[in-house]
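Comments concern the structure below.
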Amino acid sequence: MDKKIIFSVDDLTDGEVSRLFFTSRTISALKKTKAEQYANALVLTAFFEPSTRTRLSFEIAALRLGMKVSNFHPFSSSLSKGESIDETLRSLLALAPDILVVRQQEPLRKDLFSLANVSIISGGDGVNEHPTQALLDCFTLVNHFRSDDLFAKNILIIGDVAHSRVAHSNIKLMSRLGANVSVLAPKPFQITENLGQKQSLLSFSECSGEYDVVMCLRMQKERMIDGCLMSDTDYFYNYGLTLTRLFKMGPQCMVLHPGPMNVGVEIDLAVFNHPQSLIQKQVENGVLVRSALLDLCL
Ligand code: CP
């Protein structure tokens, strides 16, 4: 098999993204035709940062496809004896899984993985990218809109875009799929590089009221070197998504949140529970999209 290294949404062609969306919708049919190939596959997860959704949905996806799964647990590993993450990763590659799923605090380096005959999927690296989250977010939207792309959809991403790997991957992928992506955040949470976003806004009063989708992000406090810019209360007052604000976004504006979610900070509980919220659907779709990605790697 040709190994794949997926650290960014840029590592997937437009054809592969379309194939992933198609496979995500039809994964149960594939299970029958590829049962033998799946049964021989070993997926190893190595999460050096905490995770609920990403690690478990990869594990569930692999198990439901009939693959074998092994999980590396950093807190009970030889990291505590002084071994570095890079040396640990080299050992994990030597154990020769078919697919390694990695999450870490530092940007992932392709050179470390290039010699091993193992497919590598990023489960998120530092502030860099979280490609599988963007894939499942875009899959959730194309399914909701019953379309193959996001052509001319107006999407507003609210919050800490600067520290959010999810936002970085989503701005790239949503734009590639034809969406007009805007960002709403206080200046220190804005990004200066152009990932495809069309507009950067500072307050809700600048919003157009013609959005099809709004995505809320939490403040990524663990990545703020100089301490947190705003209290939770100030953040909710200025940038929290309430029903009143949602109804001003657009007539049927759908809501996304990649999680982890801080209710009462970036989003009100009433918004999470509202029929326009796709947040639980995102978690459900995580298993489908990651199943499709494991299939692509095999
Ligand atoms: N969205 C996301 O990456 O969630 P976890 O940190 O729980 O995996």
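Ligands are counted one by one from 1 in listed order, and the atoms in each one are counted from 1 as well. Only this structure's heavy atoms are used, side chains among them; waters, hydrogens and symmetry mates stay out. Note that the structure is predicted; figures quoted are calculated from it, not measured.
For Phe7 and His130, the distance between ring centers is not under 6.0 angstrom.
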Give every donor-acceptor pair under 3.5 Å between a side-chain atom in residues 179-192 and any protein atom, sequence neighbours left out.
residue	atom	partner	partner atom	Å
Asn180	OD1	Lys198	NZ	3.2
Asn180	ND2	Asn154	OD1	3.0
Ser182	OG	Gln199	OE1	3.2
Gln190	OE1	Ser200	OG	3.4
Gln190	NE2	Ala185	O	2.7
Gln190	NE2	Leu201	O	2.9

Side-chain polar contacts of residues 251-268 - donor-acceptor pairs under 3.5 angstrom, sequence neighbours left out - could you list them?
residue	atom	partner	partner atom	Å
His257	ND1	Gly259	N	2.9
His257	NE2	Glu266	OE2	2.8
Glu266	OE2	Asn262	N	2.8

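Under the rule for a salt bridge (charged side-chain N to carboxylate O under 4.0 Å, His left out), the partners of Glu284 that lie at least two apart in sequence or sit in another chain are Lys281.
The shortest side-chain heavy-atom distance between Val213 and Leu156 does not fall under the 4.5 Å cut-off.
Closer than 4.0 angstrom to ligand 1 lie heavy atoms from Ser51, Thr52, Arg53, Thr54, Arg103, His130, Gln133, Pro258, Gly259.
The backbone N or O of Arg218 sits less than 3.5 Å from a side-chain atom of Gln220, completing a donor-acceptor pair.
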